[in-house]
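To find a chain, count down the sequence lines: A is the first, B the second, and so on, and within it residues start at 1. As the structure is a computational prediction, the values presented were derived from the model and not from experiment. Computation of the quantities below employed the complete heavy-atom set of this structure, encompassing side-chain atoms and omitting hydrogens, waters and symmetry-equivalent molecules.
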Number of protein chains: 2
Amino acid sequence: MTPAKPALTGPMPDDIAPIENVPLRVQVADRLRNAILSGKLRPGTGLVETALAEQMNVSRAPIREAIQILENDGLVETIAYKGKRVKPLTAREVAETYSLREVFEVMAVRRILENGAPLDALYAHCAEMTAAAEADNFEALVAADEAFHHSLIRLADHDLLMSSWKNLYLRIHQIMALRNRDERNLSEVAGNHPPIVQAIADGDAERAIKLISDHTRILAAFDPATIVDSQ
Amino acid sequence: MTPAKPALTGPMPDDIAPIENVPLRVQVADRLRNAILSGKLRPGTGLVETALAEQMNVSRAPIREAIQILENDGLVETIAYKGKRVKPLTAREVAETYSLREVFEVMAVRRILENGAPLDALYAHCAEMTAAAEADNFEALVAADEAFHHSLIRLADHDLLMSSWKNLYLRIHQIMALRNRDERNLSEVAGNHPPIVQAIADGDAERAIKLISDHTRILAAFDPATIVDSQ
DNA sequence: CTGTTGTGTAATGTCGACAATCCATAAGTG
DNA sequence: CACTTATGGATTGTCGACATTACACAACAG
């Protein structure tokens with residue numbers, strides 16, 4: 001069926017890394033996004049195109065487009081002829097972000113219960129969390145927690161929900177970076193998740209929804225003083 | 001308390017219409033958005049910057065930024081170095097759009113029930129719908145329906161929900177424009193709404209949620225043949 | 001001193017030109 | 001004939017320069 005191909009085209013290490021042709025605007029957007037999400041660029045900080053352009057050694061065009069990308073992400077806002085700045089983060093916005101997240105995750109659980117889905121990934125991330133908690137590794141716990149919730153959304157098999165959730169989670173990253181290190185008991189956080197998976201596995205809709213709902217709501221508690229709301 | 005101000009600053013007709021300084025990119029984006037939402041630009045249609053620029057007598061910069069705005073709205077997608085096009089609309093996307101809308105509206109009802117809100121606007125829009133149905137005015141009915149749901153979301157007092165819903169509703173506009181005129185009985189559509197308001201007024205959460213849920217789900221029914229999905 | 005009016009500066013908004021990339025098609029090669 | 005390699009055209013990506021706007025501050029008038 002498939003005739004032998006010429007020998008010249010030998011097997012090639014397929015991780016030779018194709019040359020990524022990432023447009024400048026994307027590179028710029030990624031750098032700025034990282035800065036914002038890591039809290040290095042605090043809410044209210046002004047973003048001046050010319051300054052950024054000079055700093056990054058590119059023209060203003062990619063900078064403008066990058067900032068627009070971040071605007072789409074909801075991380076930056078523009079005031080015509082005045083300037084662009086990292087979107088201020090009010091206590092209200094934080095609360096709204098978490099409440100919408102709750103709705104998204106409940107929706108995911110509902111869909112998983114209705115349509116079914118393999119729960120292996122969820123179990124795996126639970127294990128990761130437990131391990132991280134025992135090792136007292138905060139970073140790892142946070143990563144595993146995000147992986148858990150990401151998997152939960154993915155299993156819901158709903159592209160629009162996924163993209164909406166991802167977009168929302170950007171702000172959650174920002175919020176987490178801005179607020180003081182959570183002094184919650186690590187093992188408590190880790191312990192919250194397995195019952196959720198169990199309830200889903202049991203097909204117990206009411207319990208699963210209540211658990212995921214409570215869980216995301218608890219995460220919403222935050223210290224308002226850490227949020228910069230500069231004008 | 002307030003000293004009399006100099007007479008020179010007399011009362012001024014306050015509808016003197018401030019000169020609107022709408023950036024070109026916004027004008028372009030609005031025009032393109034209208035074309036897409038009204039179905040004149042069908043999904044899959046390629047958007048060539050140079051052509052648009054010449055056609056609208058502006059340079060490519062505002063065109064690019066306008067297209068990016070539409071990308072944020074989820075109406076356009078870009079393929080690097082290849083082109084931009086009106087995002088194809090698959091049956092799956094349509095279904096996802098409506099299911100997410102359902103979740104949003106249920107969330108709104110929940111919040112209204114929890115926090116309370118004046119329902120006058122909802123009653124008013126119900127009346128508009130009834131009138132439109134009696135006059136057999138399809139356009140007016142659609143407008144009133146949107147106003148009803150918009151008010152519902154507004155009453156939930158949740159900015160993020162509002163912006164998410166608005167963004168979602170853009171696609172609903174597009175879908176409605178693309179699919180054949182709904183042959184549903186106008187008065188039936190109009191009649192769906194008052195019970196929802198009544199249930200909210202009664203504080204009957206379960207009924208209100210079921211009604212709004214059923215209502216939005218019914219709207220999701222569509223004729224797949226009318227959706228263009230040109231690869 | 002209060003309020004108005006000018007002016008300058010800094011930022012965004014817009015433009016036209018050039019560079020980089022992809023795709024299709026044709027030319028070349030064993 | 002199968003496959004590779006040029007080549008051309010079309011499209012997006014990037015750049016630097018100029019236009020427009022808004023704000024702050026100074027100068028001025030009542």
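Set against C:dC15, D:dC15, C:dT12, the side chain of A:K84 has C:dT12 as its closest nucleotide. Closest to the side chain of B:A80, from the set D:dT14, C:dT14, D:dG13, is D:dG13. The side chain of A:P23 sits closest to D:dG13 out of C:dT14, D:dC15, D:dG13. Of the listed nucleotides (D:dT12, C:dC15, C:dT12), C:dT12 has the atom at the smallest distance from the side chain of A:R64.
Regarding B:E65, its CD atom lies at a distance of 13 Å from the P atom of D:dG13, rounded to whole Å. One can place CZ of B:R85 at 15 Å from P of D:dT11, the figure rounded to the nearest angstrom. Note: CZ (A:R25) to P (C:dA20) measures 17 Å, nearest angstrom. The CD1 atom of A:I63 sits 12 Å away from the P atom of D:dG16 (whole-angstrom rounding). Look at CG on B:L24: it is 18 Å from P on C:dT12, rounded to the nearest Å. D:dG16 atom C1' lies 14 Å from atom CG of A:N57, rounded to whole Å. Remark: C1' of D:dG13 and CD1 of B:I67 are 13 Å apart, rounded to the nearest angstrom. Atom CD1 in B:I79 sits about 18 Å away from atom P in C:dT21, given to the nearest Å.
Annotation for A:E54: atom CD does not count as buried by contact number, only 12 or fewer foreign heavy atoms lying within 6.0 Å.
Heavy-atom distances under 4.0 Å link DNA chain D to B:L47, B:V48, B:E49, B:T50 of residues 46-56 of chain B, given in residue order.
OP1 and OP2 of C:dA20 both lie 4.0 Å or more from every side-chain N or O belonging to B:K82. Residue A:R60 places no side-chain N or O under 4.0 Å from the OP1 or OP2 atom of C:dT12.
Listed here is the closest heavy atom pair of B:I112 and B:L155: CD1-CB, 3.6 Å.
Summary of the strand contacts: B:G83 and A:A61 both lie near DNA chain D, and taking for each the nucleotide with the nearest heavy atom, the more 5' one is attributed to B:G83.
No side-chain N or O of A:T45 forms a donor-acceptor pair with one of A:R42 less than 3.5 Å apart. A donor and an acceptor atom, one from each side chain of A:H125 and A:D145, are nowhere located under 3.5 Å apart.
The pair B:E49-B:K84 meets the salt-bridge criterion, with a side-chain N (NZ, NE, NH1 or NH2) lying under 4.0 Å from an Asp/Glu carboxylate O.
Classified by interplanar angle (parallel below 30°, tilted 30° to 60°, perpendicular above 60°), the ring pair B:F104/A:F104 is tilted.
A 4.5 Å side-chain heavy-atom check between A:P43 and A:Q174 finds at least one atom pair inside the cut-off.
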